[in-house]
There are 2 protein chains.
Amino acid sequence: MPPTSEILTAERILEATEEVLRRHGPAKATVVDVARALGVSHGSVYRHFRTKAALREAVTKRWLDRTSERLAGIVTAEDRDPEQRLRDWLAALFAAKRHKAGDDPELFATYTVLVEELGGVVREHIADLTGQLTRIVAAGTETGAFRVTDPAAAARAVFQATGRFHDPCYAREWTAAGVDEEFTAVVDLLVRGLRG
Amino acid sequence: MPPTSEILTAERILEATEEVLRRHGPAKATVVDVARALGVSHGSVYRHFRTKAALREAVTKRWLDRTSERLAGIVTAEDRDPEQRLRDWLAALFAAKRHKAGDDPELFATYTVLVEELGGVVREHIADLTGQLTRIVAAGTETGAFRVTDPAAAARAVFQATGRFHDPCYAREWTAAGVDEEFTAVVDLLVRGLRG
DNA sequence: CGAATGACAGATTTCAATATCTGTCATTCC
DNA sequence: GGAATGACAGATATTGAAATCTGTCATTCG
């Protein structure tokens with residue numbers, strides 16, 4: 001019944017790590033804490049993750065991937081035209097980030113710190129997201145809804161132009177009044193630009 | 001001849017403050033340091049600025065205003081059409097920020113920290129900048145170059161959508177390869193959107 | 001035999017004492 | 001008399017010794 005009796009897997013370590021991060025924050029969360037939470041020695045944790053940095057990286061990647069997976073469904077939603085899919089996707093990204101930031105601010109702040117120290121993981125995540133966006137823009141180009149010469153470049157521009165609504169450095173402004181109108185204004189402007 | 005012989009003015013205190021900030025950084029710069037640099041007692045500094053926070057605010061406002069003033073000239077450049085003026089203005093804003101960040105990274109980092117703790121000053125500065133943008137967008141609406149219903153809202157959207165190229169939180173990416181192409185891609189997309 | 005342990009060295013963090021700073025104001029100086 | 005000073009109380013920052021953590025590895029355990 002105690003977790004001690006179960007087999008120690010990487011996944012269980014990641015779960016415990018997230019819990020420790022939520023409790024202690026990024027600065028004070030230690031590998032020893034994680035081991036304590038699992039009822040094992042810290043040496044056992046090092047069997048699954050070579051360094052503390054690797055553990056932090058893995059748990060952050062896991063967290064970012066949860067968002068990517070949610071959005072992936074919108075890319076292939078054939079029941080909506082590309083323009084609507086683009087709007088849905090951007091709105092879903094904004095909503096996902098805003099909920100993460102609003103529901104558990106401690107954990108969000110924690111991951112924001114982690115994300116800053118993990119350049120590679122973030123670049124990969126952003127490449128993943130702009131890849132999804134590219135597929136939507138390309139679909140719109142094919143149907144004639146959008147008129148762009150380079151869907152990938154356009155997707156990158158759209159992603160960067162909406163940074164205010166998904167980049168953690170703006171998180172504190174996501175609760176301000178009127179932010180939804182601002183979001184709509186930016187997205188409308190971008191969609192008009194894509195239509196050419 | 002020594003600065004001690006000159007009259008102690010708010011401006012001289014602000015100059016000394018900027019120098020102290022450049023040398024010591026935002027965390028270690030003290031009012032005593034400023035007074036020492038001027039060869040006066042720290043009590044004299046408090047005659048001109050009620051608190052340390054007020055001094056930091058004044059020096060930051062001065063720094064931000066230097067950028068606003070440079071850009072104001074572009075708003076009224078009658079020899080260029082509104083679309084070109086918009087492109088010029090955004091490029092000038094990006095160039096100004098990028099140079100500030102590149103030429104004196106220490107001081108830029110310092111002011112970035114100050115800006116973060118001074119919500120009011122920044123809001124005012126942003127209102128100033130979006131006000132300038134609004135005048136350009138409104139001019140374009142009058143000539144028919146742009147088709148927007150609310151120039152102020154459109155200006156705000158353009159400002160927010162270009163955040164990646166003027167918000168200090170992205171400063172570290174302004175030296176990356178390809179950032180100029182990214183800037184052009186975003187501005188092109190926005191201009192197309194304004195043309196409707 | 002492979003998984004887990006815990007003692008260990010060196011690096012990092014904590015904590016409490018010590019020093020410095022902020023902001024005030026009675027006094028000095030010109 | 002108005003500007004400047006410097007002593008002062010309370011708040012904040014620095015410092016270095018002690019505690020904790022990271023990462024390794026010889027040993028134990030099942």
>> Under the ring-ring contact (aromatic ring centres under 6.0 Å, His included) definition, can you give me all pairs with a residue in residues 16-44 of chain B, not counting sequence neighbours?
In response: none

>> Keeping B:Arg12 on the side-chain end and B:Ile7 on the backbone end, is there a donor-acceptor pair under 3.5 Å?
In response: yes

> Quick one: B:Leu38 CG to D:dT5 P, roughly how many Å, whole number?
Replying inline: 10 Å

> Using a cut-off of 4.0 Å between protein heavy atoms and nucleotide atoms, how would you tag nucleotides 9-30 of chain C 5' to 3' with B, S and -?
Replying inline: -----S------SBBB------

> D:dG6 phosphate, OP1 or OP2: any side-chain N/O from B:Ser41 under 4.0 angstrom?
Replying inline: no

>> For A:His166, give me all partners under ring pair (Phe, Tyr, Trp, His ring centres under 6.0 Å), at least two apart in sequence or on another chain.
In response: A:Phe159

>> A:Tyr111: which residues meet the ring pair (Phe, Tyr, Trp, His ring centres under 6.0 Å) condition with it, sequence neighbours left out?
In response: A:Trp63

> Under the side chain to side chain donor-acceptor pair (under 3.5 Å) test, which residues partner B:Asp180, sequence neighbours left out?
Replying inline: B:Arg98

> Does any pair with a residue in residues 132-146 of chain A pass side chain to side chain donor-acceptor pair (under 3.5 Å), and if so which ones, sequence neighbours excluded?
Replying inline: A:Trp89-A:Gln132

>> What is the separation between atom CG on A:Leu55 and atom P on D:dC21, rounded to the nearest whole Å?
In response: 15 Å

> Can you check the A:Ile7 CD1 to C:dG2 P distance for me, whole Å?
Replying inline: 16 Å

